[in-house]
Amino acid sequence: MVSLPPFEQVVADHGPAVLRVCRALVGPHDAEDAWSDTFLAALVAYPRLRPESNIRGWLVTIAHHKAVDRLRANRRGPIALEHLPEEHTSNGQPRDLDLWRDVAALPAKQQAAVTYHYLGDLPYAQVAELLNSTETAVRRAAADGIAKLRLTIGREDRS
C-alpha cells in the first residue's frame, strides 16, 4: 500500500517551488504570507489527500487560490509606497524585482502559464487543467510569455 510522506517532507520537497509560484502571483512582498497560507490550508487537508495524488500540483492549486485571496484583500488595503526599499536574498544579494514586475506585466494567461510551468514545475497538462484550458493553448501561452520576457529583458539590458 502506498502512503503519503510526512508533511514535513512535503514542505521540504515542494516549498521552494510553491514560493516561486507565490512570488510570481502576488509579488515578493506578499509571497511569504501566501506561501504560509498555502501550507496551513494544505496541513489541514493533507490527511484526506489520496496517496496517488500529485502533491506538487495539489499544492500549486492551493497556492493559486490563496494568491487570489491575497490579491483581493490587497485591493481593499492601503496604497503601496512609490519607492520600495531594496530587498535582499538570504545571502545578501539584491533581488531582481524587475523580473517579477515583468512577469506581472504579462497578459493573464501567459503569466499563469509561465508561473505554473516554469516556476511551479508543473507539466503542461496539469497547467491546462488548472487554467481550464487545453495543453496546446497553455504551451502557446507559455512560449509567448517567455518570448515577451526575453524581449523585455533585452530592451532593459540595452538601456
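FYI, side chains are in, hydrogens and waters are out, and symmetry mates aren't considered; it's all heavy atoms of this structure.
Side-chain contact check for I55 versus P5: some heavy-atom pair is nearer than 4.5 Å.
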* Asked: Should Y116 and Q126 be marked as a side chain to side chain contact (heavy atoms under 4.5 Å, CB included) after you check the CA-CA gap, both sets of side-chain angles, and the distance that decides it?
  -> CA-CA 9 Å; Y116 296 134; Q126 202 163 8; over 6 Å; no
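In this structure, OG on S53 lies 9.5 Å from OH on Y46, to the nearest 0.5 angstrom. In this structure, CG on D33 lies 10.5 Å from OG1 on T38, to the nearest 0.5 angstrom. Remark: I62 CD1 to F39 CZ distance equals 8.5 Å, nearest 0.5 Å. Between atom CZ of residue R23 and atom OG1 of residue T115 there is a gap of 13.0 Å, rounded to the nearest 0.5 Å. With rounding to the nearest 0.5 angstrom, the CZ atom of R56 is 4.5 Å from the CG atom of D121. In this structure, L122 CG and T61 OG1 are separated by 7.0 Å, a value rounded to the nearest 0.5 Å.
With salt bridges taken as basic N to acidic carboxylate O contacts below 4.0 Å, one links D144 and R140.
Applying the salt bridge (Lys or Arg N to Asp or Glu O under 4.0 Å) rule to pairs touching residues 35-44 yields D37-R70, sequence neighbours excluded.
Linking Ile, Leu, Val, Met, Phe, Trp and Tyr whenever their side-chain heavy atoms come within less than 4.5 Å puts L71 and V114 in one cluster. A continuous path of Ile, Leu, Val, Met, Phe, Trp and Tyr side chains, each step under 4.5 Å between heavy atoms, connects Y118 with L149, placing both in one hydrophobic cluster. Hydrophobic clustering places W35 together with F7 (ILVMFWY residues linked when any side-chain heavy atoms are closer than 4.5 Å, directly or through intermediates). Each of L119 and V11 belongs to its own hydrophobic cluster when Ile, Leu, Val, Met, Phe, Trp and Tyr are linked at side-chain heavy-atom distances under 4.5 angstrom. Both L25 and I146 belong to a common hydrophobic cluster when Ile, Leu, Val, Met, Phe, Trp and Tyr are linked at side-chain heavy-atom distances under 4.5 angstrom.
Residue L106 comes nearest to G145 through the heavy atom pair CD2-O, 3.8 Å, listed as atom of the first residue, atom of the second, then distance. Taking every heavy atom of both residues into account, W58 and A45 meet most closely at CZ2-CB, 3.8 Å. Scanning all heavy atoms of the two residues, the minimum distance from L131 to A112 falls at CD2-CB, 3.6 Å. Looking at every heavy atom in both residues, A63 comes nearest to V18 through CB-CG1, 4.0 Å. Residues A24 and V103 come closest through the heavy atom pair CB-CG1, 4.3 Å. The two residues A34 and V26 make their nearest non-hydrogen contact at CB-CG2, 4.2 Å.
No donor-acceptor distance shorter than 3.5 angstrom exists from the side chain of Q9 to the backbone of L4, with no hydrogens or angles considered.
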